[in-house]
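Note that this is a predicted model, so its numbers are computed, not measured. Throughout, a chain's letter reflects where its sequence line sits, starting with A, and its residues are numbered from 1.
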There are 2 protein chains.
Amino acid sequence: MLEAASALGYRGPNPLGRQLRSGRSGIVGVVVGDSLRRSFRDPVSIQVLDGLATSIEALGLGLLLVRGSDEPGADALNPLLATAAMDVAVILWGATTDSPVLTALRERGVPLVVVEGRAGEGNALVQVEDRKGMRALGEHLLALGHRRIATVTLPFDRDGRQGPADADRLTHVGYEIARRRLAGLHDAGIEPTTVYEAPASLVELGTAAGRELLARPDRPTAIAAQSDLLASGVLLAARELGLRVPQDVSVAGFDGLDLPWLAPDVLTSVHQPLQAKGELIGRAVGDLLAGEHPPTRTLDVELVVGTTTGPPPA
Amino acid sequence: MLEAASALGYRGPNPLGRQLRSGRSGIVGVVVGDSLRRSFRDPVSIQVLDGLATSIEALGLGLLLVRGSDEPGADALNPLLATAAMDVAVILWGATTDSPVLTALRERGVPLVVVEGRAGEGNALVQVEDRKGMRALGEHLLALGHRRIATVTLPFDRDGRQGPADADRLTHVGYEIARRRLAGLHDAGIEPTTVYEAPASLVELGTAAGRELLARPDRPTAIAAQSDLLASGVLLAARELGLRVPQDVSVAGFDGLDLPWLAPDVLTSVHQPLQAKGELIGRAVGDLLAGEHPPTRTLDVELVVGTTTGPPPA
DNA sequence: CGGCTGAATCGAATCGATTTGAGGGACGAT
DNA sequence: ATCGTCCCTCAAATCGATTCGATTCAGCCG
């Protein structure tokens, strides 16, 4: 009987029939940044994605990668957003509130999980205590005696700007993640000498920022970056300029990545539980599929002091 | 009319119906290694994936991530392999010929694109000229005068072994990629003093290999690693041991990654066009969907000599 | 031995888009 | 004015699994 079926060319049940009948595709769409490369270069995304994939797989679901908007400004939305079957969509790195991606998915009625963004009506939110963590980092720097503190930030918006942000720019921070981490510094009572905006979380952009900040006449005694990759770029720039860390300048990051190539230095950083974050996103996906409205989930972070921060030079 | 439809709750055409009718899900399954984290930590996979995603998107298809087998030995196959809808599957990093992943997909009748593997009947193959590239690298080292040359390899199999490989082990190289790169060295006329097998392409594993190889009494004057990440780990180990590169030891890699944190060193490496590889995979996918049998596609590589190789110490 | 209840199997309807075929209407040509 | 053809529109069949309902058979009890 079974062999008869297979002799007739039967290859096992066709998933498409099941899917149509059940109305479920068993697929979770994950919207990552502009270019896959850009988001996958980022170890942060990768670890979150790994945790997410693990928990999603346990639910018997698949993970469909979808690129977000293409070129900045172009509203040529990725057609997959409109046509691909997905039961839930996860938006990594929040997207700005006005993001066409967000509105497109909302119009389709796809339940959303937003990561590090702003809660819309009816979509789940997963985030970490950025603001608190950054505040702790700021207080650490102040306690060490630093007063001239600069910061290198994640993108404010998807317009790819790079360089010091003026007061006007600071009022237009589209991405929650950059905004919250800036606010954390402010909470600590820090008014940064310079806020340098990087267009992405990449080592080389950190280096560029570091070169510019460290060459200034009013050179900061400490630089707090909003990501470990940016911070390690700053470290490289400091080395390049012959500055000792932390004797001449202190550098700190955010994320708590394992960066073997900085050895023997250990970056002072606010550690966030990336794997757990991915798993929480998975949990939120499960909740949405079960028809429940998942609560906003916020994970704690921890300041880990390494060897790259110390008292300012006398 | 349209507003009436939307008022009734119509959310646009349901992809599932279209899919059932057309028999196409519009989804390309990409089978990555054991754990997503492990494969995504690897910049090589990421760049290939990026190229693949770009060309697949141009075809209007989506990219479904599927983890390969779980724990080594466990034949608890990822259920997605059996149940998820996919029109074509891409197997990154070849899988061994006996891979249960391969047989599972073959039984389902899913057309396959195998990357850096062995051509089965009827599946497409995309690869680079590893062997030729490694031969060129070997000849470069020989021309510099090196005679005691060790090599750090990619995994032979999915059993996670780590350390020097003996003669017996060398006859059981399951992964084509490690086998071919070894063969390339042999083609150059090199009999490595030690073949050190790493269980994955990670910086820290390269460091472990470097520590062991460079501490030996018959310390090699050159180490050729099968990946840039392994090579940069070896570099770190050399620095750690106070060895100068390339004065005391030469180090070379494979892939041609951009590794900003090695600066000012530039790793001597065999460059492979990763982005283009991903695009070729996409082309193969397109061919399979069009019902054609795609040819085996082989990309060329190029030896780029950097600052990490030089004449052996006197 | 007959009737009733329970279980098992077979068939039909459903999910939603798509495609094809048929029918009707309109226009042009004879 | 009538016939033929072409186009447009609407309805029905299809894709494949699943689910629900109905029918049938068997077993048990009265």
Side-chain angles (χ1 to χ4, degrees), chain A residues 1-29 56-64 66 77-89 103-112 122 285-286 288-292, chain B residues 1-29 56-64 66 77-89 103-112 122 285-286 288-292:
Chain A
M1 169 67 174
L2 281 174
E3 56 268 26
S6 78
L8 288 171
Y10 184 72
R11 301 296 198 176
N14 183 329
L16 297 176
R18 190 197 334 310
Q19 290 180 10
L20 174 63
R21 175 66 232 205
S22 64
R24 286 277 172 85
S25 62
I27 285 175
V28 177
I56 266 185
E57 197 175 290
L59 295 171
L61 304 171
L63 201 158
L64 183 74
V66 183
L77 217 50
N78 184 336
L80 278 181
L81 284 171
T83 63
M86 41 182 136
D87 298 339
V88 184
T103 55
L105 288 171
R106 225 192 278 281
E107 267 177 21
R108 275 185 70 187
V110 177
L112 294 179
V285 167
L288 283 175
L289 285 179
E292 301 162 22
Chain B
M1 168 68 175
L2 281 174
E3 54 268 26
S6 77
L8 289 171
Y10 184 72
R11 302 298 198 173
N14 183 331
L16 297 175
R18 189 199 328 327
Q19 291 180 9
L20 174 64
R21 173 67 233 208
S22 65
R24 287 277 172 84
S25 63
I27 285 176
V28 177
I56 267 186
E57 197 175 291
L59 296 171
L61 304 171
L63 201 159
L64 183 74
V66 184
L77 216 52
N78 185 335
L80 278 181
L81 285 170
T83 63
M86 42 183 137
D87 298 339
V88 184
T103 56
L105 287 171
R106 225 192 277 280
E107 268 177 20
R108 276 186 71 186
V110 178
L112 294 178
V285 166
L288 283 174
L289 284 179
E292 300 164 22

Angle separating the five-pair end axes of the helix from C/dC1-D/dG30 to C/dT30-D/dA1, nearest 10°, is 60°
Inter-residue atom distance A/Q19.CD - A/R24.CZ, 0.5 Å rounding:
11.5 Å
Just so I know, are the side chains of [X] and [Y] near enough to count as touching, which here means a heavy-atom distance under 4.5 Å?
{"X": "A/L112", "Y": "A/V88", "result": "no"}
{"X": "A/L80", "Y": "B/L63", "result": "no"}
{"X": "B/L105", "Y": "B/M86", "result": "yes"}

When you measure from the side chain of B/R106 to the backbone of B/P111, do you find a donor-acceptor pair of N or O atoms at a distance under 3.5 Å?
no
Summary of protein contacts for nucleotides 15-22 of chain C, nucleotide by nucleotide, where a base hit scores B, a sugar-phosphate-only hit scores S (4.0 Å, heavy atoms):
BBSB----
Contact summary for A/A85 and A/L64, nearest pair of heavy atoms
O-CD2, 4.4 Å
How close do B/R108 and B/A84 get, heavy atom to heavy atom, and via which atoms?
NH2-O, 2.7 Å
side-chain hydrogen bond (donor to acceptor under 3.5 Å, both in side chains) partners of B/D87, counting only residues at least two apart
B/S25
May I have the distance from B/R24 (atom CZ) to D/dT14 (atom P), rounded to whole angstrom?
22 Å
